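Input: a single structure, listed below in structure tokens.
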Amino acid sequence: MKLTCAQFKKDFLSEIETLYSTSLSDTSTIGQFIALGQLVRRYNSQSWTRTAKFYRDHHQKQVYYFSIEFLPGRLLASNLLNLNLLTTVKKGLTELGLDFETISQAEPDPALGNGGLGRLAACYMDAMASLKIAGNGNGIRYRYGLFKQVFMDGYQVELPDDWLHHGNVWETRRDNKSCIVQFGGNVWLQPQADGSLQPQSENTEDVLAVPYDVGIVGYHNDITNTLRLWSAELPPSATYSSQDQRDRISEITKVLYPDDSNSAGQQLRLRQEYFFSSAGVQSIVRDFCATHHGIKLLGKKVAIHINDTHPTLVIPEMMRLLMDEHHCSWEVAWTLTTQVMSYTNHTILQEALETWPIDMFKNLLPRIYQIIAEIDRRYREQQTPIFGKALVDQTAPLGNGQVRMAYLAVIGSHSVNGVAPLHTELLKTDVLRGLYQVYPERFNNKTNGIATRRWVQLANQPLAQLIDQTIGSDWRRQPDLLQTLLPYQQDDHFLYQLGQVKLTNKQALAAYVWPSNYS
């Protein structure tokens with residue numbers, strides 16, 4: 001996007017006046033951030049619209065990345081960098097007497113994850129947009145982030161991370177894309193005139209899933225993909241509801257990883273997992289049917305990736321939709337489901353694989369349990385004559401009174417990967433050894449990486465500038481070109497400059513840790 005400094009300043013002051021009906025001098029830092037964020041969204045709005053239209057008009061295959069965690073970090077600087085506006089905006093703000101870094105730090109950092117799992121998901125979203133892949137994220141819009149850490153009287157104190165206190169400037173609420181997720185109730189199969197069985201349910205607990213979409217901006221390419229985060233609300237039909245019912249529903253998307261050391265906490269965690277898995281799959285199938293004729297094209301036009309076991313319920317949920325609502329046979333539904341699904345395992349210990357007590361699972365998700373029980377039956381029937389009862393008992397989705405999520409994820413996917421070569425080998429030889437014997441062709445490796453845009457261009461600007469001076473700036477689009485730095489590993493002049501970059505960064509860190517000593 002092309003934007004002059006003069007035009008930016010005019011637009012920014014106009015945004016301030018529109019939002020606050022006052023002058024720039026009478027605004028707070030958070031107010032300045034909100035105005036700047038709103039302006040950046042407006043600059044990017046046509047790109048987001050064009051991207052969605054292009055994907056739709058060209059029937060582009062859509063990739064959906066399901067993760068219970070997303071750690072996108074602060075998006076202001078990242079969005080400006082990817083829009084090629086960072087230098088212009090910094091200069092314009094300076095001319096207005098403002099400091100970009102101060103405004104940027106006012107942006108809440110959404111702690112919708114607790115580490116590598118969520119950051120990996122965010123890096124994949126960044127990469128797909130920058131590579132012009134039609135990629136979509138699917139997760140939970142937690143009311144509170146993981147936690148906010150402060151130190152009081154020398155002690156670490158954890159406080160609720162109220163990241164939505166001022167709203168989220170980057171999100172768009174999509175009421176017209178909402179859907180109903182059902183829990184509990186009684187479910188039975190009723191014979192039909194044609195001999196088929198149609199599921200019937202009563203006394204279910206219905207939850208309204210409302211999506212909030214965040215644009216994920218590609219790097220200098222006019223592409224904006226979508227991260228969709230779901231919020232749990234009371235359905236419009238629930239006119240008369242108790243406070244307990246309201247609390248029970250809002251609790252689903254209140255906090256990341258509730259305490260699951262007791263039965264109530266386990267149920268809440270399972271409710272979270274089914275909530276965003278069901279809402280996401282419903283949304284995908286609905287959008288697919290709106291733009292395609294015939295459900296049998298689903299496997300060619302949709303890919304769903306399961307980031308660790310938390311979204312594994314997308315597998316039986318897809319089966320439910322295809323069979324119960326689109327009247328596919330089991331065989332057709334299973335073929336389509338396995339074509340669509342792929343799975344990343346993050347666990348290195350077999351005993352750490354996610355499981356749920358069958359009795360609890362059956363009561364909370366009765367229709368989904370019926371489907372998993374049938375997956376289990378058919379798996380045992382097909383594989384026992386080939387691999388023997390002992391191995392099949394060890395690897396079936398149901399066993400020892402538990403629903404075994406990782407085993408279900410492997411059985412219901414066409415591709416399974418670890419996150420590094422050594423980890424993938426451990427999956428084959430230890431963690432998922434039995435399933436590797438059954439499905440050796442499904443296992444492959446995908447080594448984790450990082451988004452160089454955030455972790456070099458933004459987080460280490462002195463290093464990025466040195467690399468530009470040394471090998472040119474094409475590496476910013478093609479990270480493989482960083483290999484051309486290898487000949488400089490013995491270059492005294494380059495090594496001296498690298499040392500100065502390190503010194504600059506260490507001084508910046510020291511000033512941050514002990515500001516009074518560097519003021």
Side-chain angles (χ1 to χ4, degrees), residues 61-66 136 138-139 174 176-185 187-190 192 196-202 204-211 228 230 232 235 270-306 310-343 361-362 364-376 378 397 403 405 408-409 411-414:
K61 184 174 184 176
Q62 298 279 335
V63 179
Y64 297 89
Y65 195 90
F66 277 67
N136 308 267
N138 198 90
R174 309 278 193 192
N176 62 325
K177 302 292 185 181
S178 300
C179 55
I180 296 293
V181 177
Q182 293 187 327
F183 296 94
V187 177
W188 68 95
L189 299 177
Q190 185 166 309
Q192 304 296 300
S196 64
L197 298 174
Q198 183 66 31
Q200 303 292 325
S201 62
E202 62 182 6
T204 58
E205 179 189 12
D206 294 354
V207 176
L208 183 68
V210 181
R228 174 162 289 182
W230 296 92
L270 183 56
R271 280 162 65 85
Q272 286 185 328
E273 294 188 5
Y274 182 64
F275 171 76
F276 90 98
S277 296
S278 174
V281 174
Q282 287 187 58
S283 176
I284 291 167
V285 173
R286 179 179 58 199
D287 289 351
F288 172 84
C289 290
T291 54
H292 296 84
H293 297 291
I295 198 71
K296 292 185 180 180
L297 287 173
L298 187 73
K300 295 182 179 179
K301 294 298 182 180
V302 169
I304 293 178
H305 194 76
I306 302 167
H310 314 107
T312 300
L313 294 177
V314 295
I315 293 170
E317 177 66 7
M318 180 65 82
M319 291 292 292
R320 183 188 73 82
L321 288 173
L322 293 177
M323 292 190 300
D324 297 359
E325 298 187 11
H326 294 273
H327 310 295
C328 295
S329 67
W330 178 279
E331 290 74 17
V332 169
W334 185 247
T335 297
L336 291 174
T337 297
T338 54
Q339 285 175 350
V340 163
M341 303 296 173
S342 58
Y343 163 53
F361 193 104
K362 186 188 304 184
L364 188 63
L365 305 171
R367 178 58 179 148
I368 295 301
Y369 178 76
Q370 288 177 348
I371 293 170
I372 293 175
E374 181 63 10
I375 294 172
D376 180 86
R378 289 176 181 246
V403 179
M405 302 294 273
L408 176 61
I411 292 166
S413 297
H414 67 272

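Atom set for the values below is all heavy atoms of this structure, side chains included, hydrogens, waters and symmetry mates excluded. None of the values given here were measured: they were computed from a predicted structure.
The OH atom of Y64 sits 9.0 Å away from atom CG of N138, with the distance rounded to the nearest 0.5 Å. Note that OH of Y343 is 9.5 Å distant from CE of M405, once rounded to the nearest 0.5 Å.
When all heavy atoms of V187 and S201 are compared, the closest pair comes out as CG2-CB, 4.0 Å. Here the closest heavy-atom approach between residue P397 and residue I375 is recorded as CG-CG2, 4.2 Å. Closest of all the heavy-atom pairs between A209 and A279 is CB-CB, 3.6 Å. Closest approach of F288 and L298 over heavy atoms only: CZ-N, 3.4 Å. What you find for L313 and L365 is that their closest heavy atoms are CD1-CD1, 3.9 Å.
For K61, the NZ atom counts as densely surrounded, since its 6.0 Å shell holds more than 12 non-hydrogen atoms of other residues, nucleotides or ligands.
Between the side chains of S342 and H305, at least one donor N or O sits under 3.5 Å from an acceptor N or O.
Listed by first then second residue, pairs satisfying side chain to side chain donor-acceptor pair (under 3.5 Å) with a partner in residues 280-298 read R228-S283, S278-Q282, not counting sequence neighbours. Within the structure, the salt bridge (Lys or Arg N to Asp or Glu O under 4.0 Å) test picks out the following pairs touching residues 320-331 (sequence neighbours left out): E317-R320, R320-E325, D324-R367, E331-R378.
For the side chain to side chain contact (heavy atoms under 4.5 Å, CB included) test, residues two or more places apart in sequence or in another chain that qualify with T335 are Q339.
Counting only heavy atoms from C-beta outward, the side chains of W230 and V181 never approach each other to under 4.5 Å.
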